[in-house]
Number of protein chains: 2
Amino acid sequence: MPWNLDSDRPIFVQIVEHLQYDIVSGVYAPGQKLPSVRDLAAVASVNPNTMQRALSELERDGYMHSERTSGRFITEDTHMIDELKTRLATAQINEFLPRMERLGLTKEEILNLVEQSIKE
Amino acid sequence: MPWNLDSDRPIFVQIVEHLQYDIVSGVYAPGQKLPSVRDLAAVASVNPNTMQRALSELERDGYMHSERTSGRFITEDTHMIDELKTRLATAQINEFLPRMERLGLTKEEILNLVEQSIKE
DNA sequence: ATTATTGTATTAACCGCTTGGTACAATAAT
DNA sequence: ATTATTGTACCAAGCGGTTAATACAATAAT
C-alpha cells in the first residue's frame, strides 16, 4: 500500500491518517511491533523528524506506545481500535453526503451513483 | 453558507473549491457578476491577496473572467459548468469508496451505511 | 470634472512544515 | 565488553502560504 502523500496538507497529518487506517484494517495487529522510526521514514520517503512527529501524535492519542529502546507497539485495546474504525467511517460519511448534496444531487441520485460505482 | 476554512490545507485552494461548489449549485448563476475581490475577501475573512489568488485560478480554468474595472463574471458556458459538476461528484465518489473499503468495510456494509445515513 | 470602485501588482514580514545534520541515553544484539 | 539499534531532542536552513500595506490604471458613479 503506497503512502500517497501529497503536498496539499501537512505530511505528518497524512501519515497519522495512513497509520490509523493501517491499524484499523489490521495491517498492524494489536500489540504488534512497528518498524523503527528511521525505517518507517525511509519507506514513506520522509524525514525521520516528520515520521517521529506523526508517531508522537498517535502515541499521545493512545494508539501506540514506545518502549524506550525495544521499539514501538500498537495498542492492545481492541475496543479502542473498533471505536477508531467507527469514527473514521462516520467522518467519511459526514464529509461525503453533504458535499454531494451541495453539488445539487438528490438523495436518490447519490444512492444510485454509489450503488453503480460500487459494482466494478 | 459559511466558508468553513480550516488550517489544514492552503486557504486559496479551499476558496477555489468553495466557489466551484457555489457555481455548480447555482449560488452564482452563469453570467452573474461576482462581488468585488475586497468584498469577497471580507466575507470570507481572508486577505484580499488570498482571495485574488483563488479567483485567478478559477479564471485561468475558465470558470469566470474579469472585465478590467466593471467586475468579475461567471462563465455563461453551462456545458462547462455541467462538466465541473460531474467531475466534482466523481472525485467525491473516488475518494469516498476506496477509503471506506480500506477501513475494512464490505461493499454491502458501505451501501447500508450510506442508505441509513441518507435518511434523517 | 471629481470621486469611488474595479482588478491588479509589489514588497516585506511572519509562521508552520519539512529537511538535513548532529547528538545522546538506554538497551538489545554480538 | 563492544557494537548496533532504539526513541528522542535540538538547531539551522529553506520553502510556501498568508497577511499587511501600498500603489496604480481604468472606468463606473456622482
Side-chain angles (χ1 to χ4, degrees), chain A residues 2-20 22-23 28-76, chain B residues 2-20 22-23 28-76:
Chain A
W3 287 78
N4 271 343
L5 306 176
D6 60 74
S7 57
D8 262 8
R9 296 153 59 222
I11 295 181
F12 82 92
V13 173
Q14 299 180 56
I15 293 176
V16 167
E17 292 178 3
H18 181 96
L19 290 174
Q20 282 179 334
D22 277 353
I23 295 173
Y28 298 116
Q32 182 175 343
K33 179 178 177 178
L34 283 161
S36 73
V37 180
R38 293 166 177 83
D39 284 352
L40 280 175
V43 172
S45 301
V46 159
N47 189 281
N49 293 331
T50 306
M51 181 59 69
Q52 167 74 17
R53 179 164 180 184
L55 295 175
S56 296
E57 288 237 338
L58 289 164
E59 189 158 336
R60 173 175 57 75
D61 294 342
Y63 297 118
M64 48 186 63
H65 57 96
S66 62
E67 237 131 74
R68 207 57 189 88
T69 64
S70 60
R72 199 179 243 104
F73 300 85
I74 303 291
T75 179
E76 298 185 8
Chain B
W3 287 76
N4 272 342
L5 306 176
D6 60 74
S7 56
D8 263 9
R9 295 154 59 221
I11 296 180
F12 82 93
V13 174
Q14 299 179 56
I15 293 177
V16 167
E17 291 178 3
H18 182 96
L19 291 175
Q20 283 179 334
D22 277 353
I23 295 172
Y28 298 116
Q32 181 174 342
K33 179 178 176 179
L34 283 162
S36 73
V37 180
R38 294 166 177 81
D39 284 352
L40 280 174
V43 171
S45 301
V46 159
N47 189 281
N49 293 332
T50 307
M51 182 58 68
Q52 167 74 17
R53 180 165 181 184
L55 295 175
S56 296
E57 288 238 337
L58 289 164
E59 189 158 334
R60 172 175 57 74
D61 294 342
Y63 297 118
M64 47 185 64
H65 57 97
S66 62
E67 236 132 74
R68 207 57 190 88
T69 65
S70 60
R72 198 179 244 104
F73 300 86
I74 302 291
T75 180
E76 298 185 7

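Protein chains get the first letters and strands the later ones, always in sequence-line order, with residue 1 at the start of each.
Look at CE on Met64(B): it is 11 Å from P on dG7(C), rounded to the nearest Å. The distance from atom CD of Glu59(B) to atom P of dG7(C) is 10 Å, rounded to the nearest whole Å. For the pair Lys33(A) NZ and dT6(D) P, the interatomic distance rounds to 6 Å; values are reported in whole Å. Atom-to-atom, CG of Asp8(A) to P of dG16(D) comes out at 14 Å; the value is rounded to the nearest Å. As a whole-Å value, the separation of Leu40(A) CG from dG7(D) P is 8 Å. When rounded to the nearest whole Å, the span between CZ of Phe12(A) and C1' of dT19(C) equals 15 Å. Atoms CE (Met51(A)) and C1' (dG7(D)) sit 14 Å apart, rounded to a whole Å. Atom-to-atom, CG of Leu5(A) to P of dC17(C) comes out at 15 Å; the value is rounded to the nearest Å.
The phosphate of dT6(C) (OP1 or OP2) has a side-chain N or O of Ser36(B) nearer than 4.0 angstrom. Remark: Ser66(A) is in phosphate contact with dT8(D), judged by side-chain N or O atoms under 4.0 Å from OP1 or OP2. Side-chain N/O atoms of Thr50(B) include none lying less than 4.0 angstrom from OP1 or OP2 on dG17(D). Contact check, Ser70(B) against dG7(C): no side-chain N or O comes under 4.0 Å of OP1 or OP2.
Residue Arg72(B) is tested with Glu59(B), Glu67(B), Gln32(B) for a side-chain contact (heavy atoms from CB on, under 4.5 Å); the sole match is Glu59(B).
The residue among Gln14(A) and Arg68(A) whose nearest nucleotide of DNA chain C lies closer to the 5′ end is Gln14(A). Two residues, Arg9(A) and Arg38(A), neighbour DNA chain C, and the one matched to the more 5' nucleotide by heavy-atom proximity is Arg9(A).
Side-chain N/O atoms of Asn49(A) and base N/O atoms of dG21(C) include a donor-acceptor pair closer than 3.5 Å. Below the 3.5 angstrom threshold, one finds no donor paired with an acceptor across the side chain of Arg53(B) and the base of dG17(D). Side-chain atoms of Arg72(A) and base atoms of dG7(D) include no donor and acceptor less than 3.5 Å apart.
With contacts defined as side-chain heavy-atom distances shorter than 4.5 Å, the pair Trp3(B)/Val43(B) qualifies. In this structure, the side chains of Gln20(A) and Val16(A) come closer than 4.5 Å at one or more pairs of heavy atoms. With contacts defined as side-chain heavy-atom distances shorter than 4.5 Å, the pair Tyr63(A)/Ile74(A) does not qualify. Between Pro35(A) and Tyr28(A) the shortest side-chain heavy-atom distance falls below 4.5 Å.
Taking the side chain of Thr69(B) as heavy atoms from C-beta on, and the options dG7(C), dT6(C), dT19(D), the nearest nucleotide is dT6(C).
Using a 4.0 Å heavy-atom distance criterion, Gln52(A) is classed as a base contact.
The two atoms that bring Met64(A) and Leu34(A) nearest to each other are CE-CD1, 3.4 Å, heavy atoms only.
Looking at DNA chain C, the stems built from 3 or more consecutive Watson-Crick or G-U wobble pairs, each pair with its key distances under 3.5 Å, are C:1-30 with D:1-30.
Remark: the backbone N or O of Ser70(B) is paired with a side-chain donor or acceptor of Lys33(B) at under 3.5 angstrom.
The pair Glu17(B)-Arg9(B) counts as a salt bridge, with a side-chain nitrogen and a carboxylate oxygen less than 4.0 angstrom apart.
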